[in-house]
Amino acid sequence: MTRLNKIYNIKGMRDAAKARLPRIVFDYLEGGAEDECDLTENNISYDRWKFKPRRLVDLSTVDPTTEILGSPASFPGVVAPTGLNSLFWPNGDIALARAAARAGIPFVLSTASNDSLETVAAQADGERWFQLYVIEKTLATSLVKRAKSLGYSKLVITSDVVFNGKRERDLKNGFGLPMRYSLKTIFDGVTHPAWTMDYLKHGTPKLGNLANEELSPEARAALLRRSMDASFTWNDLAMIRDLWPGQIILKGILHQEDVEKSQQYGIDGVVLSNHGGRQLDTTMSPVDALAKISSESLEGRILVDGGIRRGRDIVKAKALGASSVLIGRAALYGLAAAGEEGAFKALTVLKEEFEGCMKQLGCSTVNQLTSDLVEHASQQENSRSI
Ligand SMILES: Cc1cc2nc3c(=O)[nH]c(=O)nc-3n(C[C@H](O)[C@H](O)[C@H](O)COP(=O)(O)O)c2cc1C
């Protein structure tokens with residue numbers, strides 16, 4: 001039983017998740033592509049940005065609330081779309097969505113969720129967005145129509161999973177659904193009894209969104225393999241634009257020209273992301289991309305994810321011009337450690353750290369987080385050598 005009152009930061013939550021999950025599941029949650037350089041780089045790149053706090057400002061009230069593409073939020077965070085959440089906790093998508101609602105931030109349901117669009121809409125309040133993987137165009141059309149009719153407010157199209165990244169932990173462990181039994185996985189299960197009891201009680205999680213869809217076995221396998229319609233290009237976005245009257249956000253962008261192109265194609269926002277280092281290793285870190293990308297017309301509509309483990313990371317992302325961050329593994333550690341309560345605690349830790357960092361920096365509102373408050377360590381080295 002995880003004792004949440006003894007957990008003070010995301011690292012502590014990660015330790016608790018690691019203790020509860022069998023190795024094969026923890027590796028799926030944690031793992032990155034190939035040498036996993038980006039797994040650490042995504043986070044370390046935040047630490048290379050150094051604060052320049054302001055002093056003697058009125059901090060008698062500090063307000064961490066904000067708007068993310070027009071949606072109110074208790075701090076600049078969104079729970080990122082993640083697939084197979086019920087592997088971490090029974091009905092993991094519902095638990096995460098409820099935790100996000102309690103924390104006052106939006107939740108993004110993945111195409112590869114275990115709880116369906118309908119179940120999550122019925123069982124969780126709060127603002128919900130839907131993340132689309134285009135596996136087949138007819139399936140995409142059906143999913144988008146379902147999300148629209150169920151009141152999901154924004155559509156996030158993930159663009160960086162045309163082919164699955166080479167995740168060597170999963171290859172080594174033989175990770176897949178349904179789980180294959182071997183001496184190793186049985187030993188893994190026996191030594192993590194709390195997780196195993198839940199798994200036996202609830203059974204192998206299904207891909208909830210696909211249960212009632214006419215789907216070829218190839219498409220089903222493609223989703224589990226995370227390989228998408230490789231012929232889907234910018235021109236095909238028009239088809240989805242026609243179906244979805246609300247805001248569309250393109251996730252997985254890192255190149256300046258793609259940011260510009262997204263505007264030509266009627267996209268409302270982008271998520272600078274390398275998929276948490278799970279797709280192409282040694283991809284530029286999203287926070288460094290954020291610092292380089294300039295787009296006046298997309299101002300306030302650039303989000304960023306990858307490596308958010310501290311509230312101060314969110315402060316830096318905001319200062320460098322992001323509208324919000326997406327929170328991936330940090331929320332999943334909480335979910336895996338203690339379900340909805342654990343995820344809520346993880347989000348609360350990030351929110352409190354965010355607010356604490358605003359105070360230390362001398363900012364009483366989120367709008368005061370501006371680029372003059374941070375400097376890249378390399379600039380400090382350059383100025384030393386002058
Ligand atoms: C276990 C796991 C599953 C994920 N599944 C999806 C998914 O279904 N769709 C998607 O767009 N991104 C998916 N992602 C990527 C996240 O949305 C996000 O980009 C990434 O986790 C951010 O990095 P962080 O985990 O360091 O915060 C997944 C990430 C993890 C860790």
Side-chain angles (χ1 to χ4, degrees), residues 10-11 13-14 17 21 24-33 36-46 77-89 92-93 96 100 106-115 129-135 143 154-162 164-165 167 169-170 175 177 205 207-210 222-228 249-254 270-280 283 285-287 303-310 313-314 317 322 324-336 343 346-347 350:
I10 299 301
K11 185 180 173 303
M13 203 59 95
R14 177 182 178 276
L21 295 180
I24 185 173
V25 180
F26 182 76
D27 278 348
Y28 161 69
L29 188 169
E30 178 87 340
E36 301 190 334
C37 298
D38 283 344
L39 204 54
T40 37
E41 183 60 25
N42 276 357
N43 185 253
I44 287 176
S45 52
Y46 276 97
V78 174
V79 173
T82 51
L84 308 186
N85 287 335
S86 293
L87 270 184
F88 310 131
W89 195 268
D93 300 293
L96 258 190
F107 164 77
V108 193
L109 185 75
S110 164
T111 294
S113 64
N114 295 124
D115 297 314
W129 304 357
F130 178 61
Q131 175 265 323
L132 180 69
Y133 276 138
V134 180
I135 310 157
L143 289 170
K154 300 190 206 307
L155 185 68
V156 178
I157 303 177
T158 297
S159 63
D160 57 4
V161 189
V162 182
N164 192 19
R167 299 182 200 158
R169 296 195 205 198
D170 291 350
F175 175 81
L177 282 183
L207 292 172
N209 289 326
L210 307 188
L223 183 57
L224 278 174
R225 258 199 334 266
R226 292 176 295 269
S227 67
M228 305 300 141
I249 301 165
L250 203 52
K251 176 170 181 278
I253 298 295
L254 284 169
V270 297
V271 184
L272 304 179
S273 170
N274 60 19
H275 213 98
R278 291 162 81 82
Q279 285 297 105
L280 172 63
T283 300
S285 97
V287 68
L303 293 84
V304 66
D305 80 9
I308 299 296
R309 303 291 183 270
R310 287 278 184 190
D313 302 332
I314 307 175
S324 173
V325 302
L326 267 60
I327 299 161
R329 291 181 186 83
L332 293 183
Y333 296 144
L335 177 71
L347 298 175
L350 288 177

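Whatever order the structure lists them in is the order used to number ligands and atoms, beginning at 1. Along the sequence shown, residues carry numbers from 1. In this text the structure is predicted, and so the values were computed from the model without any measurement.
- Checking only distances, Gln131 does come within under 3.5 Å of ligand 1, N or O to N or O.
- Asn42 contributes no side-chain N or O that, together with a main-chain N or O of Gly306, makes up a donor-acceptor pair within less than 3.5 Å.
- Residues satisfying the side-chain hydrogen bond (donor to acceptor under 3.5 Å, both in side chains) criterion with Lys154, sequence neighbours excluded, are Ser71, Gln247.
- Side-chain atoms of Arg169 never come within 3.5 Å of backbone atoms of Glu30 as a donor-acceptor pair (strictly under, hydrogens ignored).
- Of the heavy atoms in Glu30, none comes closer than 4.0 Å to ligand 1.
- When only interatomic distances are considered, the shortest N/O to N/O separation between Asp305 and ligand 1 falls below 3.5 Å.
- Note: no N/O pair closer than 3.5 Å links Ala80 and ligand 1 by distance alone.
- Taken from OG1 in Thr283 to CD in Glu41, the straight-line distance is 11.0 Å, to the nearest 0.5 Å.
- Among the atoms of Thr82, none of the N or O lies under 3.5 angstrom from an N or O of ligand 1.
- A cation-pi arrangement, defined by a distance under 6.0 Å to the six-membered ring centre and an angle within 45 degrees of its axis, is absent between Arg167 and Tyr28.
- If you number the atoms of ligand 1 from 1 as listed, the ones under 4.0 Å from a heavy atom of Leu332 come out as 1 (C).
- Only the side chain of Ser110 comes within 4.0 Å of ligand 1, judged by heavy-atom distances.
- The line from CZ of Arg310 to NZ of Lys11 is 9.5 Å long, rounded to the nearest 0.5 Å.
- Using a 4.5 Å heavy-atom cutoff, the side chains of Lys251 and Asp305 are in contact.
- A distance of 9.0 Å separates CG of Leu96 from CZ of Phe88, quoted to the nearest 0.5 Å.
- For ligand 1, the atoms sitting less than 4.0 Å from at least one non-hydrogen atom of Ser273 are 19 (O), numbered in the order shown with element in parentheses.
- Under the 4.0 angstrom criterion for non-hydrogen atoms, Ala330 is not in contact with ligand 1.
- Inclusion of Leu326 in the set of residues having an N or O under 3.5 Å from an N or O of ligand 1 is not warranted.
- Counting heavy atoms closer than 4.0 Å to ligand 1, residue Thr158 contributes side-chain atoms (C-beta onward) but none from N, CA, C or O.
- Side chain of Thr111 to backbone of Gln131: a donor-acceptor contact under 3.5 angstrom is found.
- The N/O atoms of Pro81, backbone and side chain alike, include one that comes under 3.5 Å of an N/O atom in ligand 1.
- Within the structure, ligand 1 lacks Asn42 among the residues with a heavy atom less than 4.0 angstrom away.
- With a 4.0 Å cut-off on non-hydrogen atoms, Arg309 touches ligand 1 through its side chain and not its backbone.
- Numbered from 1 in the order shown, with element, the atoms of ligand 1 that lie under 4.0 Å from a heavy atom of Lys251 read 10 (C), 11 (O), 12 (N), 15 (C), 16 (C), 17 (O), 18 (C), 19 (O).
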| query | Is there a side-chain hydrogen bond (donor to acceptor under 3.5 Å, both in side chains) between Asn209 and Ser113 once you walk through the steps? | reply | CA-CA 7 Å; Asn209 289 326; Ser113 64; 3.0 Å; yes

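- Close N/O approach between Gly83 and ligand 1 is found [any backbone or side-chain N/O within under 3.5 Å].
- Atom CG of Leu326 sits about 10.5 Å away from atom CD1 of Ile314, to the nearest 0.5 Å.
- Less than 4.0 angstrom separates some heavy atom of Tyr28 from each of these atoms of ligand 1: 1 (C), 3 (C).
- The atoms of ligand 1 that sit less than 4.0 Å from any heavy atom of Arg329 are 23 (O), 24 (P), 25 (O), 26 (O), 27 (O), 31 (C).
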